[in-house]
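Note that the structure is predicted; figures quoted are calculated from it, not measured.
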Amino acid sequence: MELTDGLNLTQSRRSFIKAAGATVLAGVAAGALGGCSAKGKTENKNNFAQSIGEIDWDEETDVLIVGGGLAGQAAAATVATEGNGAKALLLEKGALVLGDGDSPFSAGRVLWTDDEHAEGFRQYLYELRGEMDNTPDAVLDAFAEGIHENRTWLESLPGFKDEYIKATTHFHPGTGDTCYPEYAELPHGYNLGVLFFKDDTYDHVIKFVNSVITDDPNITHKLNAPLTALIQDPESKAVLGGVYTYEGQTVYVKANKGVIMCCGGFENNKQMRADYLSAATARCIAGRMNTGDGHYICARIGADMWHMNSCAGMWTSVSPIEGEDVTMRTPKQFGITVAENGRRFFMDWDSDHEHDWEVIDQNPLNINVGSRHGHMQFGGEWPHLPMPKTTWYILDDEGYKKMMAYSTAPNFDPSSEGYGFTANTIEELADAAGINKAELVKTVAQWNEYCEAGYDPAFYRPAKTLTPIKGAPFHACHCSATMLNTDGGPRRNEHAQILDLNGDVIPNLYSAGEFGSVWCDMYNGGGNLGECCAFGRIAVRNVLGIAK
């Protein structure tokens, strides 16, 4: 029998820890072999099994779902509503009923499209992939079909009422800010819509989906129950079940039909951010439990990985100088962002996502600017940009007051609350913040010339965002590199099956959501939650052999 470390259980626990070769790997799986037994509790006898036949399973279910965000809950809801009595065990690593990843902290937008625009939306997905060309057509086709079904599926769930959702359509160009797709410049951009839950009880899609599985007799939902290992038949390579910890005990659960990994991203794993994104110092808005556990687990049974460099990021957010907290949204049109050398270094109108709507339909994609979930126009393309650990948002007092009036963050005084510094001159401000004084003085003078001319020849910020920096006192607000989520993980096919390094299916192992997401290049808002719903269903239907 093999666990996720790829080693036989006949080896001792000590040799396993040694053979793992990395503390982070050993830490994830050691519980499966070491028992995680609490004081006064008996170590699980399965930890000493020499073969598959010797495992005396503690639990049994039809579908094991790992991760309790929207992907996992959509999968569980599909089991509940389409599974003909099949049972599912939903494991959430954290303590929150709605999951401790990104889902409950997101804006709650769910991508969808209607019958008329379904084919155009499929073409739009091809355009977003562009020349990256590492998500096969078959996978995007399945995704497009799933997005097409999202609205009717949500409406079909028990307890749904028409007043719960608002459908914003992006089918007609030039009809206002809320009716633009993320990349309106692409030929098939206007072929999608976004769903919002707006009811007082269900103001987020995950709250409604959770209501479907709550108290369902076929769904067992456990919190504080992290998966530590998968159990794989060494001959067939089929995944037979998993090992998780719960209330201080190690639990071996048999999955009769399959395991669906819905573990989210790795944005809160500093080492993985450094390895794959060159962003070791980035701060994350949410996803505190998204530390890559599932990536390590799947890697140890031979899963291939894709899209590990894809993410929603980076932009710069006003944040406390100390700690890891992030201000969710900071309007950036009232000043400039500089690095410690005192110079601007990118198109610094980079709030959470900004578009120059006035020109978006007139200019080509490689000319327009803005921040679209952290992706910014760079050399005519739209990658995510690694950001310095520390940057400074420089404003005069009038700009600062305007920023606070528009910001969704609570009012703060940069100098007294650890967010930055205030001074009567630019020179004094530079000294306080540790910014190159001579360069900052030149940069601010040059910026004011741009504002007077109404044109930014350095980074082409829209004229309406050119706010001069002239009136004392002056402010330097500390900014950190900020990101939302990662998309990389195990490579999946159109049936949500996880593939190994040879491109072969790992039997009984599936994935959904951001854990090995389909997004490989440009991203459209609502696409992550849309994918959670779409591939959550796809995975369950293939696990259970349900004909759609």
Side-chain angles (χ1 to χ4, degrees), residues 1-9 16 25-36 44-47 49 51-52 54-69 71-72 75-76 79 86-94 99 219-234 236-264 289 291-303 489-490 496-498 500 506-513 515-516 536 539-540 543-544:
M1 181 188 75
E2 293 182 7
L3 289 182
T4 53
D5 53 86
L7 300 176
N8 195 285
L9 270 185
F16 158 70
L25 298 184
V28 173
L33 293 176
C36 294
N44 194 309
K45 60 184 178 298
N46 288 314
N47 295 334
S51 67
I52 290 172
E54 293 184 19
I55 297 176
D56 184 12
W57 299 97
D58 302 305
E59 296 177 348
E60 192 170 330
T61 189
D62 293 309
V63 186
L64 174 60
I65 305 169
V66 183
V79 174
K87 296 185 180 299
L89 171 61
L90 174 61
L91 301 179
E92 166 54 36
K93 176 184 175 183
I219 308 298
T220 301
H221 187 187
K222 291 187 177 182
L223 306 179
N224 296 309
L227 187 80
T228 56
L230 290 171
I231 299 175
Q232 182 182 41
D233 187 299
S236 69
K237 302 301 179 183
V239 173
L240 306 179
V243 185
Y244 68 98
T245 60
Y246 187 63
E247 296 182 345
Q249 294 281 45
T250 299
V251 183
Y252 284 67
V253 55
K254 184 181 181 183
N256 292 322
K257 299 294 185 179
V259 177
I260 305 174
M261 302 291 283
C262 305
C263 309
M289 290 291 177
T291 55
D293 302 15
H295 297 75
Y296 292 124
I297 289 173
C298 287
R300 290 201 293 278
I301 60 169
Q497 296 167 298
I498 291 178
D500 66 16
I506 299 176
N508 303 338
L509 188 60
Y510 300 76
S511 75
F515 188 65
V540 168
V543 169
L544 297 179

Worksheet item: Should Lys93 and Tyr244 count as side-chain neighbours, where that means a heavy-atom distance under 4.5 Å?
Response: no
Fill in: Smallest separation among heavy atoms of Gly242 and Leu64, with atom names
N-CD2, 4.1 Å
Fill in: Within-4.5 Å side-chain heavy-atom neighbours: Ile301 and Val239
yes
Worksheet item: CD/Glu247 to CG/Asn224 distance, rounded to the nearest 0.5 angstrom?
Response: 9.0 Å
Item to complete: State, to 0.1 Å, how close Pro490 and Ile498 come at their nearest heavy-atom pair, and which atoms those are.
Response: CB-CG2, 3.7 Å
Worksheet item: Side chain of Glu92, backbone of Gly94: donor and acceptor closer than 3.5 Å?
Response: yes
Discussion item. As an exercise, state the distance from OG of Ser236 to CD1 of Ile506, rounded to the nearest 0.5 Å.
Written reply: 11.5 Å
Discussion item. If the condition is side-chain hydrogen bond (donor to acceptor under 3.5 Å, both in side chains), which residues does Lys87 pass it with, not counting sequence neighbours?
Written reply: Asn218
Item to complete: Output all residues satisfying salt bridge (Lys or Arg N to Asp or Glu O under 4.0 Å) with Lys222, sequence neighbours left out; order by chain, then residue number.
Response: Glu59
Worksheet item: Can you name the residues that form a side-chain hydrogen bond (donor to acceptor under 3.5 Å, both in side chains) with Asp58, not counting sequence neighbours?
Response: Asn44
Item to complete: Using the test side-chain hydrogen bond (donor to acceptor under 3.5 Å, both in side chains), find all partners of Asn256 that sit at least two apart in sequence or belong to another chain.
Response: Glu60
Item to complete: Check side-chain hydrogen bond (donor to acceptor under 3.5 Å, both in side chains) between Thr61 and all other residues, then give those that pass, not counting sequence neighbours.
Response: none
Worksheet item: Which atom names give the shortest non-hydrogen contact between Ala86 and Leu544, and what distance separates them?
Response: CB-CD1, 3.9 Å
Practice prompt. Take Val251 and Thr245 through the test side chain to side chain contact (heavy atoms under 4.5 Å, CB included) and record every step on the way to the result.
Written response: CA-CA 6 Å; Val251 183; Thr245 60; over 6 Å; no
Worksheet item: Do Tyr252 and Asn47 have a side chain donor and acceptor closer than 3.5 Å?
Response: yes
Worksheet item: Side-chain contact, heavy-atom cut-off 4.5 Å: Leu227 with Val243?
Response: no
Response to the item:
All heavy atoms of Leu91 vs all of Ala225, minimum pair found to be CB-O, 3.6 Å
Worksheet item: Looking only at heavy atoms, which two atoms of Lys257 and Asn508 are closest? And how far apart?
Response: O-OD1, 3.7 Å
Discussion item. So, using side chain to side chain contact (heavy atoms under 4.5 Å, CB included) as the criterion, who are the partners of Cys262 when residues are at least two apart?
Written reply: Ile65, Ala71, Ile260, Ala512
Item to complete: In sequence, state the C-alpha distance, the side-chain angles, and the governing distance for Gln497 and Leu509, and then conclude on side chain to side chain contact (heavy atoms under 4.5 Å, CB included).
Response: CA-CA 6 Å; Gln497 296 167 298; Leu509 188 60; over 6 Å; no
Discussion item. Are the side chains of Val543 and Tyr510 in contact, using a 4.5 Å heavy-atom criterion?
Written reply: yes
Discussion item. Any non-hydrogen side-chain atom of Cys298 less than 4.5 Å from a side-chain atom of Phe515?
Written reply: yes
Discussion item. Are Asn46 and Asp56 packed together at the side-chain level, in the sense that at least one heavy-atom pair is separated by less than 4.5 angstrom?
Written reply: yes
Practice prompt. For Val79 and Leu90, run side chain to side chain contact (heavy atoms under 4.5 Å, CB included): C-alpha distance rounded to whole Å, both residues' side-chain angles, the deciding distance at 0.1 Å, then the answer.
Written response: CA-CA 11 Å; Val79 174; Leu90 174 61; over 6 Å; no
Worksheet entry | Test log, rule side chain to side chain contact (heavy atoms under 4.5 Å, CB included), inputs Val253 and Tyr246 | CA-CA 12 Å; Val253 55; Tyr246 187 63; over 6 Å; no
